[in-house]
Participant: 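I have a structure here, written as structure tokens, and I will follow up with some questions on it.
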2 protein chains.
Amino acid sequence: MKETGVAEVEQSAKMAARRQAMLDAAAAVIFEVGYERASLAAIVRRSGGSLSTLYQLFGSKEGLFEAMIVERCAYIMEELSSPDLSARGARAVLLAIGHAFMRVLLTPDAQALWRMVMAEGIKFPRLPQIFFSCGPDRLHAKLAEYLRGLDQAGSARVPDPLFTAKSFCMLVHGDLYYRVVTGVRPQPEPAELAAHIERAIDMFCLMIQLAPLADKGAGDR
Amino acid sequence: MKETGVAEVEQSAKMAARRQAMLDAAAAVIFEVGYERASLAAIVRRSGGSLSTLYQLFGSKEGLFEAMIVERCAYIMEELSSPDLSARGARAVLLAIGHAFMRVLLTPDAQALWRMVMAEGIKFPRLPQIFFSCGPDRLHAKLAEYLRGLDQAGSARVPDPLFTAKSFCMLVHGDLYYRVVTGVRPQPEPAELAAHIERAIDMFCLMIQLAPLADKGAGDR
DNA sequence: AAGATAATGTAACGTACATTACAGTTCTTC
DNA sequence: GAAGAACTGTAATGTACGTTACATTATCTT
């Protein structure tokens with residue numbers, strides 16, 4: 001009994017590797033030149049295998065694209081979904097989260113993914129759905145939970161934790177991210193990046209009225 | 001003596017209108033389907049005139065694209081470069097700026113421009129340069145000037161006015177803008193938009209430690 | 001190891017489109 | 001009002017690429 005559904009093919013041991021190689025090649029090529037400008041021939045040239053197997057595995061260029069995005073979203077955003085809350089003191093925790101956040105966002109792959117989502121979201125609605133649910137939504141939820149803890153401990157005032165979590169992300173990546181991602185300015189040096197994040201965190205701490213006491217490790221859960 | 005430089009042609013009275021019509025048509029088509037998918041034939045069909053004159057005026061598809069973006073940037077962002085500071089009280093002024101900001105950003109044209117800048121910025125470096133200098137840079141400067149006034153009047157604490165101005169914009173458009181611009185959620189209803197902006201302004205006022213007094217009209221210049 | 005099945009490489013097909021060439025039409029100028 | 005310039009419409013050219021077809025080679029089953 002063999003169902004030859006378009007996208008579900010029984011994976012021989014070697015075919016899985018081919019599939020992965022093709023996804024990697026697709027990511028590399030599409031992230032570099034964009035969806036329209038990326039040619040399947042170039043992808044196959046890079047992945048090995050053949051055009052025929054590409055069509056067998058993914059059905060079409062769009063199919064390959066979606067599969068690649070799904071796989072890449074999960075991979076790239078993984079680090080964001082479990083922020084490190086181990087630091088001493090609320091401000092230090094927020095700083096650590098900010099640094100991890102920016103480290104991921106400034107990755108070439110994450111920048112390319114961001115461009116894809118912005119550019120092709122209208123034509124491929126599944127793309128931003130996947131992106132937001134894998135990335136921002138999960139980070140916002142985790143962060144909101146942490147902020148609610150601070151509020152309940154009395155060391156900060158966070159009446160709307162989810163909105164505040166979103167605002168945190170906005171402040172941290174800031175205008176800087178737009179300029180890097182569009183190429184209008186170069187990647188920041190570590191020192192500049194650290195200064196940027198610290199200013200953003202300072203502002204955020206004012207915003208949630210973080211008690212200076214909580215800075216010494218009182219406000220954690 | 002007739003210099004036939006590629007892009008500089010002496011404009012007969014009628015040619016200027018043709019040129020404008022072609023820029024408008026290019027904006028409409030490219031904003032709808034993206035640069036790669038937009039065909040010159042479709043643009044000419046919409047603008048009237050002929051493919052020949054298009055090539056005579058702009059030299060190439062890229063030339064038309066750049067000319068269109070330059071013209072559109074200035075037009076779309078015009079409202080942003082002179083924010084309305086006439087309201088009574090600092091918080092009311094900030095609210096007015098926030099509303100004007102979002103009104104412009106949520107325009108279909110502004111959204112499309114944003115997508116273009118994000119998507120094609122890497123391939124056309126002039127594009128984000130023009131965008132930022134026409135739009136964000138000018139708004140940030142004006143806003144920073146206003147915030148510096150508040151600081152000097154003692155009604156708020158703004159040690160780094162430019163950074164604070166940027167943070168203002170980030171808080172106001174927030175995560176909401178990303179989701180609308182990628183199509184992952186619909187345009188907000190006026191009531192929801194107003195609530196969003198007010199929450200953002202509330203947070204911002206905490207951030208700059210705006211004196212409640214300034215809410216009654218004391219802090220203006 | 002022979003036959004069945006799957007994977008590969010290559011070439012062909014059709015289309016879409018940027019760009020150019022050219023012939024026809026309108027406008028300007030003396 | 002005719003000669004010349006500027007503008008327009010259409011057709012032709014060349015290329016790039018998504019997709020399909022097919023013949024060849026490798027892999028697996030018994």
Side-chain angles (χ1 to χ4, degrees), chain A residues 1-26 28-30 32-69 120 123-124, chain B residues 1-26 28-30 32-69 120 123-124:
Chain A
M1 194 193 290
K2 193 176 298 179
E3 302 273 327
T4 47
V6 175
E8 258 103 341
V9 181
E10 306 194 12
Q11 319 258 10
S12 78
K14 187 185 288 186
M15 249 347 220
R18 266 282 113 82
R19 187 186 152 87
Q20 190 57 46
M22 283 181 165
L23 289 175
D24 291 346
V29 174
I30 295 179
E32 186 181 348
V33 302
Y35 176 74
E36 297 286 338
R37 284 187 273 264
S39 93
L40 295 181
I43 292 173
V44 168
R45 206 179 312 133
R46 191 178 184 119
S47 70
S50 71
L51 199 54
S52 316
T53 37
L54 190 156
Y55 269 87
Q56 179 170 330
L57 286 171
F58 303 103
S60 69
K61 190 181 184 183
E62 296 198 359
L64 171 63
F65 182 56
E66 281 212 9
M68 180 275 276
I69 292 289
E120 312 287 352
K123 204 196 169 197
F124 299 99
Chain B
M1 193 196 292
K2 194 177 295 179
E3 301 272 329
T4 47
V6 174
E8 258 103 341
V9 181
E10 307 193 11
Q11 318 256 12
S12 77
K14 188 185 287 186
M15 250 347 220
R18 264 285 112 83
R19 188 186 151 88
Q20 190 58 47
M22 283 180 164
L23 289 175
D24 291 346
V29 174
I30 295 179
E32 187 181 346
V33 302
Y35 176 73
E36 297 285 338
R37 283 186 274 264
S39 94
L40 295 182
I43 292 173
V44 168
R45 205 178 313 132
R46 190 179 183 118
S47 71
S50 72
L51 198 55
S52 316
T53 38
L54 189 156
Y55 268 87
Q56 180 170 328
L57 286 171
F58 303 103
S60 69
K61 188 181 184 183
E62 296 198 359
L64 171 63
F65 182 56
E66 280 212 10
M68 180 276 275
I69 292 289
E120 312 287 352
K123 203 194 171 197
F124 298 98

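Lettering follows sequence order; numbering is per chain, from 1.
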Participant: Nearest whole angstrom, please: distance from the P of C:dA18 to the CD of A:E36.
Facilitator: 12 Å

Participant: Just how far is it from atom CZ of B:R18 to atom CG of B:L57, taken to the nearest 0.5 Å?
Facilitator: 10.0 Å

Participant: Mark up nucleotides 11-16 of chain D, 5' to 3', with B wherever a protein heavy atom is under 4.0 angstrom from a base atom, S wherever such an atom reaches only the sugar-phosphate, and - elsewhere.
Facilitator: ------

Participant: Distance check needed: C:dT15 P versus A:K61 NZ, whole Å only.
Facilitator: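 Taking atom P of C:dT15 as the reference, NZ of A:K61 is at 19 Å.
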
Participant: May I have the distance from B:E62 (atom CD) to C:dC17 (atom C1'), rounded to whole angstrom?
Facilitator: 15 Å

Participant: Separation of B:L57 atom CG from D:dA6 atom P, in whole Å?
Facilitator: 14 Å

Participant: Using a 4.0 Å heavy-atom cut-off across all strands, classify B:A42 as base, sugar-phosphate, or nothing.
Facilitator: nothing

Participant: Sort and list the pairs that fulfil side-chain hydrogen bond (donor to acceptor under 3.5 Å, both in side chains) and have at least one residue in residues 34-46 of chain B, not counting sequence neighbours.
Facilitator: A:E36-B:R37, A:R37-B:E36, A:E120-B:R37

Participant: A:S52 or A:R37: which one's nearest nucleotide on DNA chain D is closer to the 5' end?
Facilitator: A:R37

Participant: Might you point out which heavy atoms bring A:G48 and A:M22 nearest each other, and give the distance in Å?
Facilitator: O-CE, 4.0 Å

Participant: What is the distance, to the nearest angstrom, from the CE atom on B:M22 to the C1' atom on D:dG9?
Facilitator: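 For the pair B:M22 CE and D:dG9 C1', the rounded distance is 12 Å.
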
Participant: Rounded to the nearest angstrom, tell me the gap between atom OH in A:Y55 and atom C1' in D:dT20.
Facilitator: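 Spelled out: OH on A:Y55 to C1' on D:dT20 is 9 Å.
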
Participant: The criterion is side-chain contact (heavy atoms from CB on, under 4.5 Å); which residues satisfy it with B:L64, sequence neighbours excluded?
Facilitator: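 Listed in chain order: B:L23, B:A26, B:L40, B:I43, B:L54, B:F58.
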
Participant: Would you tell me if any nitrogen or oxygen in the side chain of B:R18 comes within less than 4.0 Å of OP1 or OP2 on D:dT8?
Facilitator: yes

Participant: Kindly write out the residues that satisfy side chain to side chain donor-acceptor pair (under 3.5 Å) with A:S50, not counting sequence neighbours, or none if the list is empty.
Facilitator: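 Counting only residues at least two positions away or on another chain, A:S50 forms a side chain to side chain donor-acceptor pair (under 3.5 Å) with A:T53.
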
Participant: Output every pair passing salt bridge (charged side-chain N to carboxylate O under 4.0 Å, His left out) with a member in residues 49-63 of chain B, not counting sequence neighbours, ordered by first then second residue.
Facilitator: B:E62-B:K123

Participant: Which nucleotide, D:dC7, D:dT19, C:dC22, lies nearest any side-chain atom of A:L40?
Facilitator: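 Looking only at side-chain atoms, A:L40 lies closest to D:dT19.
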
Participant: Send over the distance from B:Q56 CD to C:dT20 C1', rounded to a whole Å.
Facilitator: 14 Å

Participant: Residues two or more places apart in sequence or in another chain: which of them pass side chain to side chain donor-acceptor pair (under 3.5 Å) with A:S60?
Facilitator: none

Participant: Strictly below 4.0 Å: does B:T53 bring a side-chain N or O up to OP1 or OP2 of D:dT8?
Facilitator: yes

Participant: Just how far, in rounded Å, is P of D:dG18 from CZ of A:R45?
Facilitator: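 About 11 Å, once rounded to whole Å.
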
